[in-house]
Amino acid sequence: MLIVPNRSISHRTVWSLAGPMIVSNLTVPIVGAVDTAVVGHLSGPHYIGAVALGALIFSFLYWGFGFLKMGVTGYIARAYGSQNEQEICDYLLRFIAISLIAGITVILLGKPLIDFALYILDSSERVELLASEYANIRLWSAPAALCVFVFTGVFVGLHNTRMALVLQLVLNLTNLVLDLLFVPVLNLGVPGVAWATLIAEYSAALLGFYLLRKQVMSAVRNLTFQEFFDPNILKHLGATNSNIFVRTVCLMFCFAFFTDQSARYGELILAANTILMHLQTFMAYGVDGFAHATEALGGSAYGSQKRKRFLRVVRLTTLWAFLTACAFSLIYLIGGPIIIGLFTNLAEIVELSKQFLPWMIVLPLFSFMSFQLDGLFIGVGYTRQMRNAMLISTAGYLLMAYIFQSWLGNHGLFLALICFMTLRAVTLLYYYPSVVRSFPLQTNGIRNG
């Protein structure tokens, strides 16, 4: 039976959900950092660039399907709030089916997509050759990677972030250990990084199926063709997932554009910017723990139509997200040069990274609000508004990147990134009042529309 989500919302409640997700999220960039570090100590900067470009390709191929995690979180959280256990099981099964179909499609279409991506990304021949090796190995992990997205989203929606943490720890620690085995010990180079990720993703997917086996079996036992393929449900799923897909593709395009522009300045700038963006990723995954708490707590409050509870969730999670962003800025201010030195011992890259480090110090303060609002809109299912906000922000980012780079070069690229994060928050805040108005004045009312 479901536990009725009626406990009061306190700082402790927020941290009980956000804490495990922060730990879980931070293991992701740690693995990315290890990917960079194990090749950063090889003989040249092209190894770092190859892993960066290869990982970038999968940011599109996999993160483009980020709707699997974000979409299922919103559906599960709202079903959890309305105490509908069978609906939880049914949505889990639907999203598993979508992830498997999507994963097989990625495998079938991946090779030409990889070739096209490397053609578009302007880098040196030796970087692209190694990136191709990396990508063609990781391609085969697509079904597992997308299932892990679904399982993580389900656990967040159920307010069970401890199990989401277990799943991510198995994935990322397996990846990390295999990185250290395959590259420094077995000398497999860039392909070794790819093999480590592939094995880790299948290990995590098998664990996810095991942890959610009761819900999966319940959905299968009670499955009816008519209900599973209900046109209204499928239409709603299609609209929600397509909106999140557009939003995610735009976001990844903006980061891909950043990497592509970095590559145009040469291998040294590409390597330096890649290292600095790991700092942004650390911060993003840390702050995103509170966005996950907003998805779960806000989504269940929305499902049970408790307006005061919802508003308290927004206030507390945003406060802690801001404080966490400040903490990251302080860490980068004090220890940024030391952190950079952990990534590479190549003096030219270290000096370039230090030159652009101030942008990473201020960026957390301009980024945290957009992550928070993303979590809020996913939890309540306002995905169309989130899509529109991202489209506007993307257009503004490209314009600003063009203008600022012509004046400031690589500094202008970082300035445009700060403006992009700010614009994301401003455009989402425009839609926020409509979310609040959608609640009835009485906490036990029924939402219109």
Side-chain angles (χ1 to χ4, degrees), residues 4-10 13-14 17-18 67 70-84 87 91 156-157 159 232-233 235-248 250-251 288 290-322 368-393 396 421-449:
V4 181
N6 284 329
R7 60 176 174 168
S8 61
I9 301 297
S10 64
T13 307
V14 171
L17 291 177
F67 64 83
M70 291 181 282
V72 75
T73 297
Y75 281 108
I76 297 296
R78 293 190 293 276
Y80 183 72
S82 61
Q83 304 174 52
N84 193 328
E87 189 173 278
Y91 277 120
V156 174
H159 297 193
N232 292 326
I233 293 177
K235 182 179 179 181
H236 193 273
L237 276 172
T240 297
N241 291 335
S242 63
N243 289 335
I244 297 176
F245 177 78
V246 171
R247 171 262 179 199
T248 304
C250 286
L251 181 61
D288 216 29
F290 298 102
H292 287 306
T294 306
E295 291 174 29
L297 294 171
S300 62
Y302 192 80
S304 58
Q305 285 295 281
K306 296 179 178 178
R307 181 176 181 173
K308 290 183 179 180
R309 181 183 180 88
F310 174 81
L311 293 175
R312 182 160 175 79
V313 166
V314 173
R315 286 195 298 270
L316 293 186
T317 55
T318 302
L319 170 64
W320 280 110
F322 170 69
F368 81 94
M369 196 62 187
S370 61
F371 303 139
Q372 274 299 102
L373 289 166
D374 272 351
L376 186 154
F377 278 75
I378 290 166
V380 301
Y382 274 53
T383 58
R384 178 175 59 83
Q385 292 83 348
M386 189 169 67
R387 177 204 65 195
N388 293 344
M390 182 58 76
L391 288 171
I392 294 169
S393 300
M421 291 297 180
T422 304
L423 190 55
R424 286 179 60 198
V426 170
T427 51
L428 287 169
L429 281 171
Y430 172 80
Y431 292 111
Y432 175 69
S434 65
V435 176
V436 178
R437 287 194 300 268
S438 70
F439 283 85
L441 294 179
Q442 293 81 22
T443 58
N444 61 346
I446 303 298
R447 181 173 67 91
N448 294 325

For [X], all residues meeting side-chain hydrogen bond (donor to acceptor under 3.5 Å, both in side chains), sequence neighbours excluded:
{"X": "N388", "answer": "none"}
{"X": "D374", "answer": "R247, R424"}
{"X": "T422", "answer": "none"}
{"X": "Y91", "answer": "none"}

Under the side-chain contact (heavy atoms from CB on, under 4.5 Å) test, residues paired with [X] that sit two or more places apart:
{"X": "A293", "result": "L17, A18, T317"}
{"X": "R312", "result": "I9, R315, L316"}
{"X": "S10", "result": "R12, T13"}
{"X": "Y432", "result": "F310, L311, V314, L376, V436"}

What distance do [X] atom [atom1] and [Y] atom [atom2] have between them, rounded to the nearest 0.5 Å?
{"X": "I392", "Y": "Y430", "atom1": "CD1", "atom2": "OH", "answer": "9.0 Å"}
{"X": "Y80", "Y": "L297", "atom1": "OH", "atom2": "CG", "answer": "9.5 Å"}
{"X": "Y302", "Y": "S438", "atom1": "OH", "atom2": "OG", "answer": "3.5 Å"}
{"X": "K306", "Y": "S300", "atom1": "NZ", "atom2": "OG", "answer": "8.5 Å"}

**Request:** Sorted by first residue and then second, give each salt bridge (Lys or Arg N to Asp or Glu O under 4.0 Å) pair with at least one member in residues 375-390; sequence neighbours left out.
**Result:**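 Every candidate salt bridge (Lys or Arg N to Asp or Glu O under 4.0 Å) pair involving residues 375-390 fails, so no pair, neighbours aside, qualifies.
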
For [X] against [Y], the heavy-atom pair lying closest together:
{"X": "T427", "Y": "S393", "result": "OG1-OG, 3.4 Å"}
{"X": "S370", "Y": "L428", "result": "O-CD1, 4.1 Å"}
{"X": "Q372", "Y": "F290", "result": "OE1-C, 3.1 Å"}
{"X": "I244", "Y": "T383", "result": "CG1-CG2, 3.6 Å"}
{"X": "T318", "Y": "M369", "result": "CG2-SD, 3.9 Å"}
{"X": "G381", "Y": "R78", "result": "N-NH1, 3.2 Å"}

**Message:** Just to verify, what does F368 make a ring pair (Phe, Tyr, Trp, His ring centres under 6.0 Å) with, not counting sequence neighbours?
**Reply:**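 F322.
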
**Asked** Which residues pass the ring pair (Phe, Tyr, Trp, His ring centres under 6.0 Å) test with Y431, sequence neighbours left out?
**Response**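 So Y431 forms no ring pair (Phe, Tyr, Trp, His ring centres under 6.0 Å) with any residue.
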
**Prompt:** Do T248 and M70 come close enough that some side-chain heavy atom pair is under 4.5 Å?
**Reply:**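 Yes - at least one pair of side-chain heavy atoms lies under 4.5 Å apart.
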
**Item:** Intermediate values then yes/no, ring-ring contact (aromatic ring centres under 6.0 Å, His included), Y75 and H236
**Value:** CA-CA 11 Å; Y75 281 108; H236 193 273; 5.7 Å; yes

